[in-house]
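The first residue of the sequence shown is numbered 1, and numbering continues consecutively from there.
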Amino acid sequence: MSPNQKKALAVFVAFLSSVIIGFVCGLTVMALSEKPAAAMCVGTGAAAFLGVFVASVAVIALFEFSDSRPLQLPPPPRGDDAGNSSGQTPPTTPSSGAPAV
């Protein structure tokens, strides 16, 4: 996986867990209050979501994600140059009409 994919996956997991925690906090306020107002439940859930998500993203930002893909080497040369092991290019013959040096 590339580093960007790893970071995106970590942020996605943080988002999902923040949504669940915010939802649970809102339900807890609704269950524990005698006369819960809808705004109080939503506000508590939103505050819990925002706090957990911001803290998660801050922690994720501290880490450097590395590339786990194997390095790909360039393919070996093929064709006429495959038999030339000296590393030098073979001499070329001048084309007709070209001055010989």
Side-chain angles (χ1 to χ4, degrees):
M1 277 180 108
S2 72
N4 289 338
Q5 289 174 333
K6 289 179 182 179
K7 191 171 279 194
L9 180 64
V11 170
F12 181 70
V13 169
F15 175 78
L16 288 181
S17 61
S18 299
V19 166
I20 292 170
I21 290 170
F23 187 68
V24 169
C25 286
L27 289 177
T28 303
V29 167
M30 189 169 67
L32 294 179
S33 298
E34 291 179 14
K35 293 182 180 179
M40 185 172 67
C41 294
V42 171
T44 304
F49 164 77
L50 189 63
V52 171
F53 187 65
V54 167
S56 300
V57 169
V59 169
I60 290 169
L62 293 175
F63 293 96
E64 184 175 331
F65 291 86
S66 62
D67 198 355
S68 61
R69 294 177 292 184
L71 294 176
Q72 294 183 359
L73 299 175
R78 295 185 182 218
D80 294 339
D81 294 338
N84 187 7
S85 62
S86 66
Q88 298 176 351
T89 58
T92 57
T93 58
S95 61
S96 63
V101 182

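- Other residues sharing a hydrophobic cluster with Val54 under the 4.5 Å side-chain heavy-atom criterion for ILVMFWY residues are Leu50.
- Clustering of Ile, Leu, Val, Met, Phe, Trp and Tyr by side-chain heavy atoms under 4.5 Å joins Leu73 with none of the others.
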Enumerate, atom names and distances included, each donor-acceptor pair closer than 3.5 Å involving a side-chain atom of residues 33-45, sequence neighbours excluded.
unit_1: Ser33; atom_1: OG; unit_2: Val29; atom_2: O; d: 2.9
unit_1: Thr44; atom_1: OG1; unit_2: Met40; atom_2: O; d: 2.8

Would you mind writing out the side-chain donor-acceptor pairs for residues 56-65 within the sub-3.5 Å range, not counting sequence neighbours?
unit_1: Ser56; atom_1: OG; unit_2: Val52; atom_2: O; d: 2.8

Donor-acceptor pairs under 3.5 Å, side chain of residues 5-24 to any protein atom, not counting sequence neighbours: which ones?
unit_1: Gln5; atom_1: OE1; unit_2: Ser2; atom_2: N; d: 3.2
unit_1: Lys6; atom_1: NZ; unit_2: Ser66; atom_2: O; d: 2.8
unit_1: Ser17; atom_1: OG; unit_2: Val13; atom_2: O; d: 3.1
unit_1: Ser17; atom_1: OG; unit_2: Ala14; atom_2: O; d: 3.0
unit_1: Ser18; atom_1: OG; unit_2: Ala14; atom_2: O; d: 2.7
unit_1: Ser18; atom_1: OG; unit_2: Phe53; atom_2: N; d: 3.2

